[in-house]
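Keep in mind that what you see is a predicted model, and the values were worked out from it rather than measured. Hydrogens, waters and symmetry mates are skipped; everything else that's a heavy atom, side chains included, is used.
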Amino acid sequence: MDGVNDSRPLVLVHGLWDTPHLFRRLIHRLQQHQISLLVPHLPHRLGAVPLADLARQLDQRISARWGDQEIDLLGFSMGGVIGRVWLQDFGGSRRCRRFISVGSPQQGTVTAQWIPRWLFAGLADMKRGSPLLNHLNADLTALERVECASFFCRWDLMVVPGWQAVLPMGTQQAVPVLTHQQLMAHPLSLEILMQTILKD
């Protein structure tokens, strides 16, 4: 998936119950622009792995591939929260130019509210008011260094309420699709994401 142009490399981070295969349609479009990609598989054991542990794995994969080279990052669903943890807690903001959050429960989701942490720590990290999200929202200094963009589906049944699937800063845009998965599959959504990825 490596390209040969001078564009910043792009990291794509999948979400819960997903694998890198989720991004196949987006990758097909990106290959036409020869953007160097890293699409790591981050096994989350059905949501049992804490998001900080997944962010640490992400940090290791990015460092092994590109060191301190400046990159862009796109995270879908839970992957957007993992990416945010990397930015804020693992120094990622010092080497990331643009962060694109797509359907990610950056303010938590009601669907995780009754999940016991002892059983599914990663899912519990996405509760509204979780210790992890409170920690991330308490100090936004690292995010201020990054160009942030959030995309969400108003009728999302995975991230509830869908209109709160946004970062606390940067641009926010509702995508006119009907489901969570269509944010990464519908041609209209893919076109919107491509415009953001390719923007100077």
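For the residue pair Gly15 and Ser77, the shortest heavy atom distance occurs at CA-CB, 4.3 Å. When every heavy atom of Ala149 is checked against every heavy atom of Leu167, the shortest pair comes out as O-CD1, 4.4 Å. Counting all heavy atoms, side chain and backbone alike, Phe76 lies closest to Leu22 at CD2-CD2, 3.4 Å. Between Leu123 and Leu46 the shortest heavy-atom distance is CD1-O, 4.0 Å.
Between Leu12 and Ile27, some side-chain heavy-atom pair lies under the 4.5 Å cut-off. Residues Val159 and Phe152 are not in side-chain contact: their nearest non-hydrogen atoms beyond the backbone lie 4.5 Å or more apart. Leu37 places a side-chain heavy atom less than 4.5 Å from the side chain of Ile35. At a threshold of 4.5 Å between non-hydrogen side-chain atoms, the residues Gln106 and Val166 do not count as touching. Residues Val81 and Pro105 have side chains in contact (heavy-atom distance under 4.5 Å, counting atoms from C-beta outward).
Legend: ring pair (Phe, Tyr, Trp, His ring centres under 6.0 Å) pairs involving residues 10-29, not counting sequence neighbours, sorted by first then second residue: His14-His41. Within the structure, side-chain hydrogen bond (donor to acceptor under 3.5 Å, both in side chains) pairs that include any residue of residues 146-159 comprise Arg98-Glu147, Glu147-Lys199, Asp156-His180 (at least two apart or interchain).
Hydrophobic clustering of Ile, Leu, Val, Met, Phe, Trp and Tyr side chains at less than 4.5 Å, counting indirect connections, unites Leu51 with Leu140.
A donor-acceptor pair under 3.5 Å is formed between the side chain of Gln88 and the backbone N or O of Asp139. For His186 (side chain) and Leu188 (main-chain N/O), a donor-acceptor pair under 3.5 Å exists by modelled atom type. No donor-acceptor distance shorter than 3.5 angstrom exists from the side chain of Glu70 to the backbone of Arg8, with no hydrogens or angles considered.
In this model, no donor atom of one side chain and acceptor atom of the other lie less than 3.5 Å apart for Arg25 and Ser189.
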Chi angles and distances behind the side-chain contact (heavy atoms from CB on, under 4.5 Å) call for Asp89, Leu136: CA-CA 8 Å; Asp89 288 349; Leu136 293 175; 4.2 Å; yes

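Atom CD1 of residue Ile192 and atom CD1 of residue Ile197 lie 12.0 Å apart, to the nearest 0.5 angstrom.
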Taking only distance into account, with no hydrogens and no angle test, what donor-acceptor pairs under 3.5 Å do side-chain atoms of residues 109-117 form with protein atoms, sequence neighbours excluded?
unit_1 : atom_1 : unit_2 : atom_2 : d
Thr109 : OG1    : Thr111 : N      : 3.2
Thr109 : OG1    : Thr111 : OG1    : 2.8
Thr109 : OG1    : Met158 : O      : 3.1
Thr109 : OG1    : Val160 : N      : 2.9
Thr111 : OG1    : Met158 : O      : 2.8
Gln113 : OE1    : Arg128 : N      : 3.0
Gln113 : NE2    : Arg128 : O      : 3.1
Arg117 : NH1    : Ala121 : O      : 3.1
Arg117 : NH1    : Asp125 : OD1    : 2.7

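When each of Leu54, Asp18, Val13 is paired with Met78, the side-chain contact (heavy atoms from CB on, under 4.5 Å) condition holds for Leu54 and for no other.
Using a 4.0 Å cut-off between a side-chain N of Lys or Arg and a carboxylate O of Asp or Glu, Arg56 and Asp53 qualify as a salt bridge.
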